[in-house]
Protein chains: 2
Amino acid sequence: MKTLKVPEATITRLSVYSRFLEYLDQRGIVTVSSGEIAQGVGVSPAQVRKDLAYFGEFGTRGVGYNVKDLMRYVLKVLGLDELWPLVLVGAGNLGFALCTYKGFNDRGFSIVGVFDNNPDKIGKKIADLEVYHLDRMAEIIALHNVKVGIITVPSHAAQEVTDLMVKNGLQAILNYAPVVLNAPENIEIRNVDMSTRLEILTFNLSKKDYNPVT
Amino acid sequence: MKTLKVPEATITRLSVYSRFLEYLDQRGIVTVSSGEIAQGVGVSPAQVRKDLAYFGEFGTRGVGYNVKDLMRYVLKVLGLDELWPLVLVGAGNLGFALCTYKGFNDRGFSIVGVFDNNPDKIGKKIADLEVYHLDRMAEIIALHNVKVGIITVPSHAAQEVTDLMVKNGLQAILNYAPVVLNAPENIEIRNVDMSTRLEILTFNLSKKDYNPVT
DNA sequence: TAGATTGTTAATCGATTAACAATC
DNA sequence: TAGATTGTTAATCGATTAACAATC
């Protein structure tokens, strides 16, 4: 077994490629070149080939890539050839939206447990899931062999939930609270910041009349 | 006026710094060093100083940075010293969650119009907003001088909504649909991918027993 | 002054791209 | 074979970090 150093940006792009390949496949397109993928997703052809080259040789010189095959390979590389059960903590509006988010199911993710500590929310239904008290997290994680948790609680509660998730053996956390979480090195954490990407836009729009200090 | 080349990663970090500074300010902390900021948000001290240096000299040698002042400077750099009215298209669960998302308001964003083309949804209330038909987008954009739009429609409808937003004069689009949008060069577009960050986690978890083709 | 920390330069590191041999 | 496109190396580009003079 080799440890493979792959830029995180490559993984992000792989995810985009896979969606473009699904799109091509739905349209019955059988073969695609790195140039066509590049054009379709807005990167360079060399980038596409380099990204794929980390994981193997999937194409045929002079011809291109088989859409179905490449799609399957890429999904496998991303770990999406298996089903991923998830738990989610924080049954607010965002939590609700994620529980009903079709995009997760499309990619093999399935939320199997929703938790909150607010008595008003416990027992309520979100889609076909019941909101449980945090006490029951360990039980559900064990039952479904869950490895990944999603945090949609307010910022001030996010660290506490993280600690609980780590204690209950989760290996990775997707955090929607705009706060930096502390966890042991071996726990994979990524933030989804609902607002930061928007702030890049406001930066870009407002810098039009920005005078740097010189 | 100078055009300033700043890495997008710097802007993303600035957003994180500003939140950490707010956190310090709430705790009554007056002065902070680049090392403390670095520690607090998980980057290197040199990175913090370099990021700030793009925009001016905000610190005092031997002392550090004044928390309140630096916070204000950084928010100003991000364009968050003004209010940003937004329109949102797609009154589904995600759209609903974003309309009620406190994180936007905290940063000066305010959704002033929600649109859909589904007759069942039009006229419904989301918080204190009424869902309008897409027909009324031009009117609302003009009324509130909106520059930024949010897309929360399904992937297949996202391009159409983009075209409409561009036609109606929006300058920036935040897209939550997992699809690459086409728009003129001068339109700023960023995607928020609800699922891609999750896929980085599954990649990392599954690569533990990944055998690269050699 | 001595100690601390900034602002900035130069060195390093890593990712992207250009170019081309391999080969279908 | 001629044309096309991959896989891969080397060159380029850009971002991060180390180091230190400036200075509070």
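Convention: sequence-line order gives letters A, B, ...; per-chain numbering from 1. Please read all numbers here as calculations on a predicted model, not as lab measurements.
The separation between B:Lys50 atom NZ and D:dG14 atom P is 14 Å, rounded to whole Å. In this entry the distance linking CD1 of A:Ile11 with P of C:dA15 reads 11 Å, nearest Å. As a whole-Å value, the separation of A:Leu70 CG from D:dG7 P is 9 Å. For the pair B:Phe58 CZ and C:dG7 P, the computed distance is 9 Å after rounding to whole Å. For the pair A:Glu57 CD and D:dT5 P, the computed distance is 18 Å after rounding to whole Å. Following rounding to the nearest Å, B:Ile37 (CD1) and C:dG7 (P) show an atom-to-atom distance of 10 Å. Summarising the geometry, the separation between CD on B:Gln47 and P on C:dT12 is reported as 18 Å, rounded to the nearest angstrom. Distance OH (A:Tyr73) to P (D:dG7): 11 Å, rounded to an integer number of Å.
Between D:dT5 and A:Ser33, no contact under 4.0 Å exists linking OP1 or OP2 to a side-chain N or O. Contact between the side-chain N/O atoms of A:Tyr65 and the OP1/OP2 oxygens of D:dG7 is found at a separation under 4.0 Å. Between B:Arg49 and D:dA18 there is no side-chain polar atom (N or O) within less than 4.0 angstrom of OP1 or OP2. Phosphate proximity of C:dT6 to B:Thr60: absent, as no side-chain N or O sits under 4.0 Å from OP1 or OP2. In terms of phosphate contacts, B:Ser44 brings a side-chain nitrogen or oxygen within less than 4.0 Å of OP1 or OP2 of D:dT17.
No side-chain N or O of B:Asn93 forms a donor-acceptor pair with one of A:Tyr101 less than 3.5 Å apart.
Of all nucleotides present, only D:dA4 satisfies the Watson-Crick or G-U wobble test against C:dT23, with each distance under 3.5 Å. Across all strands shown, D:dA18 is found opposite C:dT9 as a Watson-Crick or G-U wobble partner, with both distances under 3.5 Å.
Between A:Glu8 and B:Arg61, the residue anchored closer to the 5' end of DNA chain C is B:Arg61, taking for each the nucleotide with the nearest heavy atom.
Using a 4.0 Å heavy-atom cutoff across all strands shown, B:Ser34 reaches sugar-phosphate atoms only and no base atom.
Counting only distance, with no hydrogens or angles, the side chain of B:Glu36 and the backbone of B:Ser33 share a donor-acceptor pair below 3.5 Å. Within the 3.5 Å criterion, the main-chain N or O of B:Val179 finds a donor-acceptor partner in the side chain of B:Asn191. In this structure a side-chain-to-backbone donor-acceptor pair under 3.5 Å is present from A:Asp116 to A:Ala91.
Applying the 6.0 Å contact sphere to CD of A:Glu8 captures more than 12 heavy atoms from other residues, nucleotides or ligands.
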